[in-house]
Student: 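One structure coming up, written as structure tokens, with questions to follow.
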Amino acid sequence: MPRTHAALPRLYIDADLAPGVPLTLGKEQSLYLAAVLRKTVGDEVVLFNGRDGAWLARLTGDSKKSVALELVQQIAPQSPPSDLWYGFAPLKTERLDYVIQKAVEMGAGTIQPVLTRFTQVSRLKHERLVANAIEAAEQCEVLRVPIVEPEVTLDRLIDSWPADRRLILADEGEASSSPVEVLGRLRGQKIGVLIGPEGGFSDEERARLRALPYVVPISLGPRILRADTAAVAALAVIQAIIGDWR
Ligand code: SAH
């Protein structure tokens, strides 16, 4: 992918990005730019807000409490949102941070924690998940932060699943095989992918899911992957075969 301004810091902000709009950053981002990165007046950064593409901005004020910026020019048009739905049974703290970041890097558009029978956590700190998604979006140069949904039980998920979307089930009980052909048949369709918890899906959950018309079970090979490995492996094969790795 042609990269421009790769060396500049990238920051997600919520404000509109339009020519002539002076911007002032909040305390946290100001501290990061002025103190941590020691940016001063005249230095440049890249800003994005998920709506207006990527903009080159220049510091006009470098106060550690409120950095002021002027917008120079748009350097990338806004990309369309990813329609790839990613559901996963949340893991414990630092591995949860990891999974959120990998889902963003792998191009998920919606990130949905799903509470299954063997899921080890029940309450999630939503703002922490969103902060991880923003940090990953800044780092991997996407122009939009994926939607991070509040956690939902598997039952609720099934009850509300849209009929027009296929759900790819990473099923550790599936006989080892390559998912290339199965995934190839989903080309052009709305899809989601669901990864189970450390303890895997319960037998009842697997049976229930596999009986649903919109569920497409896949194997991720002959070895049992850790849930966070499975997340990256599943998203990689999906993006490579029918996703945006084109
Ligand atoms: N530790 C459990 C397995 C859980 S792995 C056990 O030993 O039974 C966590 C999740 O990763 C699974 O629920 C599944 O969604 C996915 N996964 C891991 N290995 C897989 C494989 N070989 N094929 C398909 N999915 C896999």
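All ligand and atom numbering here is 1-based and tracks the order in the structure. It should be emphasised that the depicted structure is a prediction, and the values quoted were computed from it without experimental measurement. Reckoned from all heavy atoms, side chains included, excluding hydrogens, waters and symmetry mates.
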Student: What residue and atom, counting heavy atoms only, is the protein's closest point to atom 10 (C) of ligand 1, and at what distance?
Tutor: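 Ranked first by proximity to atom 10 (C) of ligand 1 is Gly196 O, 3.6 Å.
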Student: Report the nearest protein non-hydrogen atom to atom 7 (O) of ligand 1: residue, atom name, distance rounded to 0.1 Å.
Tutor: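 Of every protein heavy atom, Ile224 CG2, 3.9 Å lies nearest to atom 7 (O) of ligand 1.
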Student: Give the residue and atom name of whichever protein heavy atom lies nearest to atom 12 (C) of ligand 1, and the separation in Å to one decimal.
Tutor: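 Minimum-distance protein heavy atom for atom 12 (C) of ligand 1 reads Glu172 OE1, 3.1 Å.
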Student: Is Gly173 in contact with ligand 1, taking contact as a heavy-atom separation below 4.0 Å?
Tutor: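 Heavy atoms of Gly173 never come under 4.0 Å of ligand 1.
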Student: Does any part of the side chain of Leu33, heavy atoms only, come nearer than 4.5 Å to the side chain of Val45, both counted from C-beta?
Tutor: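 The answer is yes, as the side chains (C-beta and beyond) meet within the 4.5 Å cut-off.
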Student: More than 12 heavy atoms of other residues, nucleotides or ligands under 6.0 Å from CZ of Arg156: is that the case?
Tutor: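 It does not: Arg156 CZ has 12 such atoms or fewer within range.
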Student: Quick one: nearest non-hydrogen protein atom to atom 17 (N) of ligand 1, plus distance?
Tutor: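 Its nearest protein heavy-atom neighbour is Ala230 CB, 3.8 Å.
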Student: Can you hop from Val130 to Phe48 via hydrophobic side chains spaced under 4.5 Å?
Tutor: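 Yes, one cluster joins them.
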Student: Any idea which part of Leu169 is under 4.0 Å from ligand 1, heavy-atom wise: side chain, backbone, both or neither?
Tutor: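 Answer for Leu169: neither.
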Student: Could you go step by step and tell me if Glu204 and Ser202 meet the side-chain hydrogen bond (donor to acceptor under 3.5 Å, both in side chains) rule?
Tutor: CA-CA 5 Å; Glu204 298 75 25; Ser202 72; 3.2 Å; yes
Student: Quick one: does any side-chain atom of Glu135 pair with a main-chain N or O of Asn132 as donor and acceptor, under 3.5 Å?
Tutor: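 Side chain of Glu135 to backbone of Asn132, a donor-acceptor pair under 3.5 Å: no, none is there.
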Student: Tell me the protein heavy atom at minimum distance from atom 9 (C) of ligand 1, and give that distance in Å.
Tutor: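 Residue, atom and distance for the closest contact: Pro197 O, 3.0 Å.
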Student: Looking at atom 23 (N) of ligand 1, what's its closest protein heavy atom, distance included?
Tutor: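 Here the closest protein heavy atom is Leu220 N, 2.8 Å.
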Student: For Thr229, which part has a heavy atom under 4.0 Å from ligand 1: side chain, backbone, both, or neither?
Tutor: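 Under 4.0 Å from ligand 1, Thr229 contributes no heavy atoms.
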Student: Looking only at protein heavy atoms, which one is nearest to atom 15 (O) of ligand 1, and what is the separation?
Tutor: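 The protein heavy atom lying closest is Ala170 O, 2.7 Å.
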Student: Are more than 12 heavy atoms, taken from residues, nucleotides or ligands other than Arg117, located less than 6.0 Å from that residue's CZ atom?
Tutor: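 No - once you tally the heavy atoms of other residues, nucleotides and ligands closer than 6.0 Å, there are 12 at most.
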Student: What residue pairs, at least two apart or across chains, pass ring pair (Phe, Tyr, Trp, His ring centres under 6.0 Å) with a residue in residues 139-165?
Tutor: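 Those involving residues 139-165 are Trp85-Trp161, Trp161-Tyr214.
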Student: Where's the contact between Arg223 and ligand 1, heavy-atom distance under 4.0 Å: side chain, backbone, both or neither?
Tutor: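 For Arg223, the contact with ligand 1 is made by the backbone alone.
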Student: Run the numbers for me: atoms of ligand 1, each under 4.0 Å from some heavy atom of Ile195, listed by number.
Tutor: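 By the 4.0 Å cutoff, the relevant atoms are 11 (O), 15 (O).
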Student: So which heavy atom in the protein is nearest atom 5 (S) of ligand 1, and how far is it from that ligand atom?
Tutor: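 Here the closest protein heavy atom is Leu225 O, 3.1 Å.
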Student: Can you name the atoms of ligand 1, numbered from 1 with element, that are less than 4.0 Å from a heavy atom of Gly200?
Tutor: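 Answer, ordered by atom number: 4 (C), 13 (O).
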Student: Go through ligand 1 atom by atom and flag the ones less than 4.0 Å from a non-hydrogen atom of Phe201.
Tutor: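 The atoms of ligand 1 under 4.0 Å from a heavy atom of Phe201 are 13 (O), 15 (O).
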Student: Examine distances only and state if a side-chain atom of His126 and a backbone atom of Val148 form a donor-acceptor pair shorter than 3.5 Å.
Tutor: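 Such a contact is found between His126 side chain and Val148 backbone.
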Student: Looking at Arg51 and Leu17, would you say the former's side chain and the latter's main chain have a donor-acceptor pair under 3.5 Å?
Tutor: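 A pair under 3.5 Å: no.
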Student: Does Tyr32 OH have over 12 foreign heavy atoms under 6.0 Å away?
Tutor: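 12 or below, so no.
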Student: Below 3.5 angstrom, do we get any N/O pair linking Gly221 and ligand 1?
Tutor: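 Among all N and O atoms of Gly221, at least one is under 3.5 Å from an N or O of ligand 1.
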Student: Is it the case that more than 12 heavy atoms not belonging to Gln73 sit under 6.0 Å from its CD atom?
Tutor: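 Above 12, so yes.
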Student: Is Glu198 close enough to touch ligand 1? Criterion: a residue heavy atom under 4.0 Å from a ligand atom.
Tutor: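 Glu198 counts as a contact of ligand 1 under the 4.0 Å cut-off.
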